[in-house]
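Below is one structure, written out as structure tokens; comments come after it.
Start at 1 and go down the list; that is how both ligands and their atoms are numbered.
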Amino acid sequence: MDISAVNDLSYEEFVNIFGNVVEKCPVVAAAVWSARPFLSFTALEAEIHKFIDVLPQSGKEGILRCHPDLAGRDLQRGTLTQESRAEQAAAGLDALGPAEASLLARLNREYKQRFGFPFVVCVRAADQRAILRQLAERCGNEPALESVRGIEEVKKICRLRLRDIV
Ligand SMILES: NC(=O)NC1=NC(=O)NC1=O
């Protein structure tokens with residue numbers, strides 16, 4: 001849809017359509033609806049970034065905690081959101097070999113134990129090898145840096161999900 005159609009949406013339609021551009025955080029769409037009319041895609045994206053950027057650290061970490069583990073329990077149980085399922089499948093995370101699957105599960109556990117929130121990466125911008133390499137590298141980051149990195153990835157995921165709509 002084009003940006004004028006976005007601006008014509010009711011609040012309910014807007015949250016129904018944009019509610020998962022940030023995984024399981026419909027409050028983001030509910031909040032930025034107030035900023036309509038949006039002059040462009042970029043202006044809509046900027047309002048989402050503004051909402052995220054002013055959150056306290058606990059809010060940013062809360063956004064990260066709303067993300068499902070890569071190839072984790074939600075994928076195994078079929079409880080991923082539609083967007084996450086498509087993204088994880090496109091990256092081949094639903095068809096990992098046993099070695100990769102156990103390495104990813106171990107690194108995800110280590111990462112979550114160290115940082116208190118899950119490893120988040122925009123999987124549409126990466127492949128299995130790149131994801132494993134990035135996860136291994138980022139496990140060594142300082143916590144303050146890592147929450148910034150995670151939010152950067154949330155914004156990349158959000159941009160692609162927005163592009164699927166607008
Ligand atoms: N933990 C994650 O990074 N999850 C995800 N990244 C994506 O791009 N889609 C997901 O579900």
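With respect to atom 5 (C) of ligand 1, the closest heavy atom belonging to the protein is L70 CD2, 3.7 Å.
For ligand 1, the atoms lying closer than 4.0 Å to a non-hydrogen atom of E87 are 7 (C), 8 (O), 9 (N), 10 (C). Counting atoms of ligand 1 from 1 in the listed order, those under 4.0 Å from a heavy atom of S84 are 10 (C), 11 (O).
With a 4.0 Å cut-off on non-hydrogen atoms, I157 touches ligand 1 through its side chain and not its backbone. Using a 4.0 Å cut-off between heavy atoms, P68 contacts ligand 1 through both its backbone and its side chain. Residue-level proximity to ligand 1 for Q88 is carried by the side chain, the only part with a heavy atom below 4.0 angstrom.
Formation of a donor-acceptor pair under 3.5 Å by the K24 side chain with backbone atoms of H67 is not found in this model. Not a single donor-acceptor pair under 3.5 Å links the side chain of R114 to the backbone N or O of P143. No side-chain donor-acceptor contact under 3.5 Å links E45 to the backbone of R159.
More than 12 heavy atoms of other shown residues, nucleotides or ligands fall within 6.0 angstrom of atom CD1 in I165. The environment of Q57 atom CD is dense: over 12 non-hydrogen atoms of other residues, nucleotides or ligands sit within 6.0 angstrom.
At least one heavy atom of C122 sits under 4.0 Å from some atom of ligand 1.
If you check each of V121, V123, L160 against atom 6 (N) of ligand 1, the one with the closest non-hydrogen atom is V121.
Annotation: side chain of E83 is not in contact with side chain of D164 (no heavy-atom distance under 4.5 Å).
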